[in-house]
Amino acid sequence: MDCGQIFRWKKDEGFWKGWLNGSRVEMRIEGDILQYRAKPPITEDMVVNFLTLDLDYMKIYDGLPRDETTSTLIQRYRGLRILRQNPWECSVSYIISASMSIRSINAILNRICWAAYPKQEPSPFPTPQDFLKISPPRANYLGKKWFYLARLANILSSNPSFFKEFENLSYLDAWNKLVKGNEHIMGVGPKVADCVLLFSLNKFDAFPIDRWVLRGLKKFYPRILEKFGKGGIHESKTLTVHTYASISESARMYFGRYCGILQESIFLASRINDTSFLQCGL
DNA sequence: GCCCAGGTGCGGC
DNA sequence: GCCGCACATGGG
């Protein structure tokens, strides 16, 4: 809930509190029991869907490779799940996320929500229509990103089912459409596209590669990267679309159909040495 | 002040 | 196609 997959959830009095389909939800785990508190528009099916309780993670783990590193990661992060987010909110979050710290992303998203609905506290995430009504908190706030968010909001208000078109596509078709096709969204590059596909469009074979995952692959799975040559991939330089797609494909070949689920473990394991991350308490 | 954060679009070769 | 750069924000 607070490691950067989804944003704006807070732990308070033992409950994780956040938003689901525009309504307030609180949840916690007591022993083996998952409890949630929510009002009528929220159904149990929604909670089940949000937490991907329909997925059999034990079966998914069984399908992952048997090497020692993978086994260790599975053990260490057992219980870590992919959350099914709203595609619009997810896209906004990750368009903003580019080259930002997770803390900043949270702060910015909270600010946008408050700007849209200042009377509600805490504020839900704005609909595309309501996003278009707000003006940036100050001049040039977020720079070009603000413009990208407005473009996306415009697309969605004229075509609310924009993201539905991606549901029946294979991962690769969806990714190509988002990154290169006519459906390209400004601000959505190779990595953000993977996050949107994995976290909101059911593409569990998406494998987002950010600086942490790249470091993690280098450290934990050097063989996956070896075909790119020694020192062929420099951390400080951004990957070209071609190289990105190639590494992503290698990961998919090695980890299989649910590589996206293991990706989250690699992300966390890679970040665990980072001091700013230690404050998260994971 | 300087470096680093869940990268991307753009212009110059 | 690849490379280098600007780009906002906020914490260490």
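Below, all heavy atoms of this structure are taken into account, side chains as well, without hydrogens, waters or symmetry copies.
For A:Phe50 and A:Trp9, the distance between ring centers is under 6.0 angstrom.
Note on residues 123-142 of chain A: pairs passing salt bridge (charged side-chain N to carboxylate O under 4.0 Å, His left out), not counting sequence neighbours, are A:Asp130-A:Lys133.
The side-chain contact (heavy atoms from CB on, under 4.5 Å) check on A:Ser97 picks up A:Tyr94, A:Ile105, A:Lys191, with sequence neighbours excluded. Checked against side-chain hydrogen bond (donor to acceptor under 3.5 Å, both in side chains), A:Thr70 has the following partners two or more places apart in sequence or in another chain: A:Asp67, A:Tyr221.
Ring geometry for A:Tyr244 versus A:Trp175: interplanar angle under 30°, hence parallel rather than tilted (30 to 60°). Taking the six-membered ring where tryptophan is involved, the planes of A:Phe207 and A:Phe255 are essentially parallel, since the angle between them stays under 30° and well short of 60°.
For A:Arg138, a side-chain nitrogen or oxygen approaches OP1 or OP2 of C:dT9 to under 4.0 Å. Taking side-chain N and O atoms only, A:Arg211 has no distance below 4.0 Å to OP1 or OP2 of B:dT8. Look at A:Arg103 and you won't find any side-chain N or O under 4.0 angstrom from OP1 or OP2 of B:dA5.
Paired regions of DNA chain C, where each region holds three or more successive Watson-Crick or G-U pairs whose two hydrogen-bonding distances fall under 3.5 Å, are B:2-4 with C:10-12, B:7-13 with C:1-7.
Within residues 90-102 of chain A, the residues approached by DNA chain C to less than 4.0 Å at the level of any non-hydrogen atom are A:Ser99, A:Met100, in residue-number order.
In this structure, of C:dA8, C:dT9, B:dG6, it is C:dA8 that holds the atom nearest to the side chain of A:Asn140. Closest to the A:His242 side chain, of the nucleotides C:dC2, B:dG6, B:dA5, is C:dC2. Candidate nucleotides C:dC3, B:dG6, C:dG10 were compared by shortest atom distance to the side chain of A:Thr240, and C:dC3 ranks first.
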What's touching nucleotides 9-13 of chain B from the protein side, N or O pairs under 3.5 Å?
unit_1: B:dG9; atom_1: OP1; unit_2: A:His184; atom_2: NE2; d: 3.1
unit_1: B:dG9; atom_1: OP1; unit_2: A:Gly187; atom_2: N; d: 2.9

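The CG-C1' distance, from A:Asn110 to C:dT9, rounds to 14 Å in whole Å.
You'll find the side chain of A:Lys218 reaches within 4.5 Å of the side chain of A:Glu235, heavy atoms only.
Note that the CD1 atom of A:Ile95 and the CE atom of A:Met186 stand 10.5 Å from one another [nearest 0.5 Å].
Residue side chain A:Phe267 meets the stacking definition with respect to B:dG6: its ring centre sits within less than 5.5 angstrom of the base's six-membered ring centre, and the planes differ by less than 30 degrees.
When the P atom is compared between C:dA8 and B:dG11, the two are found 15 Å apart, to the nearest whole Å.
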